[in-house]
Amino acid sequence: MADILRISRLTKRFGGLAAVNDVSFAVPEGAIVGLIGPNGAGKTTIFNLVTGVYSLTGGEVFFKGTSIAGLPPYKIASLGITRTFQNIRLFKNLTVFENVLTACHQAAGYTIPEAILRLPRYRREEKALLAKAEQLLSIMGLTDRRDLAANNLPYGMQRRLEIVRALALDPRLLLLDEPAAGMNPDETEQLMRMITRIRDDFKLSILVIEHHMDLIMGVCEHIVVLNFGVKLAEGSPDE
């Protein structure tokens, strides 16, 4: 099985502190891989390096065999890597539907003049994007909340909406940063089923950071363990 993401000797220093130090691992195509370790281990820093939020001090990041080191975040997203955040970053005053539609517009091909004049390509593409947003909400069970402001959703639903918004960008690799944070056991169980279904239905690969070990052991085929910015171990859940 080919690797969709390969991280080679990744290093990030902030002054004299090595937040990530010489870390290497891969995410196979179609796999769900877990990234675990205590707070401050460097997990979210790796997400920020992969998505272009931070620049690399050293090492390489390869996506589908091509180096993406140094690319800006919007370019990396357009290549097919999207993410959620440890601290939810929704457009809180927009509705559930508007949050998803905003992300769908990344695929829009019409120009600003075409939108202003409402030319045929604008109308055709806008109709398709509206349908796509509705479909995503339906798949993820959020249709009945479509007109609620994102800020008024229960916490677990906000987490789900953030995942839907990431899926609206048509990723090939989805990075989930502590998706079960703040969830009760029932919501975590639902999330486990949803992560597996997303992988299967959307034909993508997933890299997930999580402290809930039940979730990690339940959905991940491969696990990478970090501590103080260094990879301690990796292997299957059994290993």
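Residue numbers start at 1 and run along the sequence shown.
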Exercise. Do you know which two heavy atoms are closest between V33 and A26, and how far apart they sit?
Worked result: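 Between these two residues, the closest heavy atoms are CG2-O, 4.5 Å.
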
For this session: Check which hydrophobic residues are tied to L17 through side-chain heavy-atom contacts below 4.5 Å, counting indirect links as well, and list them.
Result: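 None, because no other hydrophobic side chain comes under 4.5 Å of this residue.
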
Problem set entry | Under 4.5 Å side-chain linkage, directly or through intermediates, the cluster mates of I112 |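 When side chains under 4.5 Å apart are linked, the cluster holding I112 also contains I116.
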
Measure the shortest side-chain to side-chain distance between [X] and [Y] over non-hydrogen atoms and say whether it is less than 4.5 angstrom.
| X | Y | answer |
| --- | --- | --- |
| R83 | N48 | yes |
| Y122 | K127 | no |
| E234 | V225 | no |
| P28 | H222 | no |
| R6 | S67 | no |
| L167 | L204 | yes |
| L35 | I223 | no |

So which pairs with a foot in [range] pass ring-ring contact (aromatic ring centres under 6.0 Å, His included), sequence neighbours left out?
| range | result |
| --- | --- |
| residues 16-58 | F14-Y54 |
| residues 189-208 | none |
| residues 60-102 | none |

Could you work out, with salt bridge (Lys or Arg N to Asp or Glu O under 4.0 Å) as the rule, every residue matching [X], not counting sequence neighbours?
| X | result |
| --- | --- |
| K12 | none |
| R123 | none |
| R13 | none |
| R146 | E134 |

For the atom pair [atom1] ([X]) and [atom2] ([Y]), what is the distance rounded to the nearest 0.5 Å?
| X | Y | atom1 | atom2 | answer |
| --- | --- | --- | --- | --- |
| I76 | I68 | CD1 | CD1 | 4.5 Å |
| L71 | S55 | CG | OG | 12.5 Å |
| D3 | L5 | CG | CG | 8.5 Å |

Throw together a table of side-chain donor-acceptor distances under 3.5 angstrom for residues 174-186, partners on residues two or more places apart or in other chains.
from, atom 1, to, atom 2, distance (Å)
D177, OD1, T44, OG1, 3.4
D177, OD2, T44, OG1, 2.9
E178, OE2, Q86, NE2, 3.3
E178, OE2, H211, NE2, 3.4
N184, OD1, D186, N, 3.1
N184, OD1, E187, N, 2.7
D186, OD2, Q190, NE2, 3.0

Problem set entry | Criterion side-chain contact (heavy atoms from CB on, under 4.5 Å) on L148 and T95, from CA distance to verdict | CA-CA 5 Å; L148 276 180; T95 66; over 6 Å; no

For this session: Provide the full list of salt bridge (Lys or Arg N to Asp or Glu O under 4.0 Å) pairs with a residue in residues 208-222, sequence neighbours left out, each pair given once.
Result: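 Only R199-E221 qualify under salt bridge (Lys or Arg N to Asp or Glu O under 4.0 Å).
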
Problem set entry | Qualifying salt bridge (Lys or Arg N to Asp or Glu O under 4.0 Å) pairs, either residue in residues 95-114, two or more places apart |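 Counting only pairs at least two positions apart or across chains, the salt bridge (Lys or Arg N to Asp or Glu O under 4.0 Å) contacts touching residues 95-114 are E114-R121.
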
Exercise. Between the side chain of S24 and the main-chain N/O of R9, is any donor-acceptor distance below 3.5 Å?
Worked result: yes

Exercise. Is a side-chain donor-acceptor pair under 3.5 Å present for E60 with S8?
Worked result: no

Problem set entry | Same apolar cluster (I L V M F W Y, side chains within < 4.5 Å links), I209/V27 |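 In one cluster: yes.
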
